[in-house]
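Because the structure is predicted, anything quoted here is derived from the model rather than measured. When a residue number appears, it is its place in the shown sequence, counting from 1.
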Amino acid sequence: LKYVHPDDKARLAQRMAHARQQMDMHAGTQERQFRDNTANARAVVSYQTAAQNFTDDKGWSAADEVARNETRARAQINGWDETTEQLQFQQYRDTGLKARYDAWSVKDPQAALAHYLKNAAQLSPGFQDDVGNKLFLKAKSLLAMEVNANGGVGFAPAQGGAAGAAGAST
């Protein structure tokens, strides 16, 4: 740069400073996005893992705490207010509980429904109806057979899925 005119050196230095500033801003944005994506992934994966171990309430509580902490981290990263933070946490929880009850209902729909009935308040209202209805539909035949087996009056579908005699007791 010894043969460059002094005015050109000043312009060059200004352009270099501007380029560094742009690189720093880009790096900061990328790092913030990385931290946000990482916190999001941790929250989602904690619930996915807990949903596969659906009867483990301690594991579920741990996943809930991870999601709460990661939501708090995302709120700080993104400058969310408290309401937005709570809405995001509830969205994680709703998705996680839906996955938990879906997995549980495959193995034991009655137990999944019983657990849901005790813990439905953890879900947002829209998810309560959706999850509750699906669980009931999966458990209703088993519940009816149990009522019938205990001398009550219930309904159990006949073989092949056709409706059995309603009101018949065994």
From [X] atom [atom1] to [Y] atom [atom2], the distance as rounded to the nearest 0.5 Å:
X     : Y     : atom1 : atom2 : result
Leu12 : Asp8  : CG    : CG    : 8.5 Å
Glu82 : Gln86 : CD    : CD    : 6.0 Å
Gln21 : Met25 : CD    : CE    : 6.5 Å

Same cluster or not: are [X] and [Y] linked, directly or through other Ile, Leu, Val, Met, Phe, Trp or Tyr residues, by side-chain heavy atoms under 4.5 angstrom apart?
X      : Y      : result
Phe89  : Leu87  : no
Phe136 : Leu123 : yes
Phe127 : Val44  : yes
Val45  : Tyr92  : no

Exercise for the section: Begin from the C-alpha positions of Gln33 and Gln30 and carry the test side chain to side chain contact (heavy atoms under 4.5 Å, CB included) through to its verdict. Expected result: CA-CA 5 Å; Gln33 285 177 349; Gln30 292 299 306; 3.5 Å; yes
Handout entry: salt_bridge(Glu31, Arg35) N-O dist < 4.0 Å
Key = yes
Handout entry: Close side-chain approach of Trp60 and Leu97, heavy atoms under 4.5 Å
Key = yes
Between [X] and [Y], what is the shortest heavy-atom contact and its length?
X      : Y      : result
Ala51  : Ala103 : O-CB, 3.7 Å
Ala43  : Ala67  : CB-CA, 4.0 Å
Gly132 : Leu113 : O-CD1, 4.4 Å
Gly59  : Ala50  : O-CB, 4.1 Å
Asp102 : Lys138 : O-NZ, 4.3 Å
Ala111 : Trp104 : CB-NE1, 3.7 Å

Main chain of [Y], side chain of [X]: is a donor-acceptor contact present, judged purely on distance under 3.5 Å?
X     : Y     : value
Thr49 : Ser46 : no
Asn78 : Trp80 : no
Asn40 : Asp36 : no

Exercise for the section: Any chance you could lay out the side chain to side chain contact (heavy atoms under 4.5 Å, CB included) test for Gln128 and Gln122, step after step, and finish with the verdict? Expected result: CA-CA 9 Å; Gln128 282 180 17; Gln122 291 182 11; over 6 Å; no
Handout entry: Asp130 and Lys98: CA distance, side-chain angles, deciding distance, side chain to side chain contact (heavy atoms under 4.5 Å, CB included) verdict
Key = CA-CA 9 Å; Asp130 183 48; Lys98 184 179 181 308; 3.8 Å; yes
Exercise for the section: Tell me whether the guanidinium CZ or amine NZ of Arg100 lies under 6.0 angstrom from the six-membered ring centre of Phe54 and within 45° of its axis. Expected result: no
Practice task
Kindly check if the number of other-residue, nucleotide or ligand heavy atoms within 6.0 Å of CD (Gln14) is above 12?
Solution key: no
Quick one about [Y] and [X] (side-chain donor to acceptor, distance below 3.5 Å, no hydrogens or angles considered), yes or no?
X     : Y     : result
Asp81 : Thr84 : yes
Arg42 : Tyr47 : no
Asp94 : Gln90 : yes

Exercise for the section: Could you check whether the rings of Tyr101 and His115 sit parallel, tilted or perpendicular, using 30° and 60° as the cut-offs? Expected result: tilted
